[in-house]
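Scope of the values below: all heavy atoms of this structure, side chains included, with no hydrogens, waters or symmetry mates.
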Amino acid sequence: MEAAVEIRRLNRKSTVFPSRPSQRQQCKLCSSDLMMLSCNYIQRCLLFSMENTCYDFQSVVELLKKSLSQTLLYFYPLAGRLAISAEGVVYIDCNDRGADFIEAVAAPETCLAHVMTEEVGAVVRDLFALNGAINMDGRFLPLLTVQATKLKDGLAVAFTVNHAVIDGTSLWHFINSWAQLCQQSSLTANISQPPLHTRCFGTPSPINLNLHEYFQKPRIMHEFSPPQLREKMFHFPVETLSRLKEEANRAAFNDGTISSFQALCAHIWVAITRARRLSPAEETTFKLPVNCRPRMVPPLPSSYFGNAIQMVGATVTAGELLEEGMGRAAGILHRIIAAHKDANIRAELEKPPTVIEIDKYIPQNCVSMGSSPRFPMYDNDFGWGRPVGARSGLANKFDGKMSAYPGREGTQSMDIEICLLPHTMSVLESDPHFLVLHG
């Protein structure tokens, strides 16, 4: 079966431009954008089942490209490139240089089942373009590259997007809008929620790096090469999440304030710490991004297009975490998330901008959650039905990295992708307490 799992890029790569010329402007990056410059691009993929396995792939591609051109009219920064001013301010040059669209085809027997296995294999990575690209490369590379891959019984549409330009909320706003325009298939179609391109989450300022040197050629910035990892999807049905939430609230506050997601994060944090077999004195850290849009006063619009996230985290000893259990961990996570309000956010924005180097930024024995089960991943019908699956690429993964997805059945269940060292994953898979709560 493995021999059939192969993706072959066709000799067809095209550049998609906005359907009408944009007004050229400079969109200056703020501190939460700048911190991503040395990280990888975001990589997300939607999988679609095609009822007719002999569907006309080329017709689908043409429809996607036509509607992408319309979508870029609204999301024009994605058709630009990064640049730097003489003063050291990094900005998006909205110059309509376009986004790349790549066509690929899987080996004849490769089907959705190969891609949607719990164990995330190499075939998933091959669905994406620009593997290994860092956001600083946006000076030379497109800020958006889409790869459409024909499978035996379906279609994979993979998005590789510069993370210094947008966060997950903005990414799914863009994809939702694209699906809406593709389904309408009209030159006069409009989107329901235009993006806000005014960068007002912090003040653009020069960054304390010799970026002129870095911008002279790609890949001069620090790159992170993680060790060999296993990546696996775990499904948590709504019944499990309810049990976890009940347990967490009973142990911590008994007032229902801990969410299902916070309880699940705590459950996995404890399980991974147990699987790592740390000594009681060793420290472990949990990190996750917080969407700051609704937390500011006044709130930033949900349509704010850019990075409006900040990382929060907590560190405890392994002994404390394992002794006091999931309820204690959930209480810790709830407090750090609830406390991240307007004053904390603005205090972070006032700090000098920095650039993350993942292997230095992520502490030892870290567990880090990315993405969100609230993202509308399955609300993207391009005209051939809702997605049947979602996956991520190789980008920004390390030992302890997780990504959250909504359950595809739409019942408030969740899927969590966990990346661990192989021996740690093996221990986690055999942990009876973890497995009894895993759907």
Next on the checklist: Assess the residue pair Asp56 and Lys150 against the criterion (salt bridge (Lys or Arg N to Asp or Glu O under 4.0 Å)); give the C-alpha distance rounded to whole Å, side-chain angles, the decisive distance to 0.1 Å, and a yes or no.
Outcome noted: CA-CA 10 Å; Asp56 186 351; Lys150 185 181 189 302; over 6 Å; no

Can [X] and [Y] be counted as an ion pair, charged N to O under 4.0 angstrom?
{"X": "Lys152", "Y": "Glu109", "answer": "yes"}
{"X": "Asp415", "Y": "Arg391", "answer": "no"}
{"X": "Arg81", "Y": "Asp96", "answer": "no"}
{"X": "Glu429", "Y": "Arg230", "answer": "yes"}
{"X": "Glu62", "Y": "Lys65", "answer": "yes"}

Checklist entry - Run the side-chain hydrogen bond (donor to acceptor under 3.5 Å, both in side chains) check on Thr285 and Thr315 step by step: do they pass? => result CA-CA 4 Å; Thr285 299; Thr315 300; 2.7 Å; yes

Checklist entry - Nearest 0.5 Å, what's the CD-CG distance between Gln364 and Leu278? => result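 It is 8.5 Å, given to the nearest 0.5 Å.
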
Non-hydrogen side-chain atoms of [X] and [Y] separated by less than 4.5 Å:
{"X": "Leu143", "Y": "Leu82", "value": "yes"}
{"X": "Val60", "Y": "Leu64", "value": "yes"}
{"X": "Gln25", "Y": "Cys27", "value": "no"}
{"X": "Tyr55", "Y": "Trp384", "value": "no"}
{"X": "Pro406", "Y": "Met414", "value": "no"}

Next on the checklist: Show, in sequence, the C-alpha distance, side-chain angles and deciding distance for Lys397 and Ser392, and conclude whether the side-chain hydrogen bond (donor to acceptor under 3.5 Å, both in side chains) test is met.
Outcome noted: CA-CA 10 Å; Lys397 289 184 174 175; Ser392 65; 3.1 Å; yes

Checklist entry - Going through the checks in order, is the salt bridge (Lys or Arg N to Asp or Glu O under 4.0 Å) test met by Arg199 and Asp33? => result CA-CA 10 Å; Arg199 297 265 160 160; Asp33 305 310; 2.9 Å; yes

Distance-only side-chain donor-acceptor flag, [X] / [Y], under 3.5 Å:
{"X": "Ser302", "Y": "Gln193", "value": "yes"}
{"X": "Tyr74", "Y": "Asn190", "value": "yes"}
{"X": "Asn365", "Y": "Glu283", "value": "no"}
{"X": "Asn291", "Y": "Arg293", "value": "yes"}
{"X": "Thr149", "Y": "Gln147", "value": "yes"}
{"X": "Glu409", "Y": "Ser413", "value": "yes"}

Next on the checklist: Could you go through Asn131 and Gln43, starting from their C-alpha distance and side-chain angles, then the distance that decides it, and tell me whether this counts as side-chain hydrogen bond (donor to acceptor under 3.5 Å, both in side chains)?
Outcome noted: CA-CA 9 Å; Asn131 283 319; Gln43 292 183 322; 3.0 Å; yes

Next on the checklist: Suppose the criterion is salt bridge (charged side-chain N to carboxylate O under 4.0 Å, His left out): which pairs have a residue in residues 324-338, not counting sequence neighbours?
Outcome noted: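 Non-adjacent pairs meeting salt bridge (charged side-chain N to carboxylate O under 4.0 Å, His left out): Glu320-Arg328, Glu324-Arg328.
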
Checklist entry - Taking it one step at a time, do Asp342 and Arg295 satisfy salt bridge (Lys or Arg N to Asp or Glu O under 4.0 Å)? => result CA-CA 6 Å; Asp342 184 76; Arg295 295 170 175 267; over 6 Å; no

Next on the checklist: Assess the residue pair Asn176 and Asn380 against the criterion (side-chain hydrogen bond (donor to acceptor under 3.5 Å, both in side chains)); give the C-alpha distance rounded to whole Å, side-chain angles, the decisive distance to 0.1 Å, and a yes or no.
Outcome noted: CA-CA 6 Å; Asn176 289 165; Asn380 292 286; 2.5 Å; yes

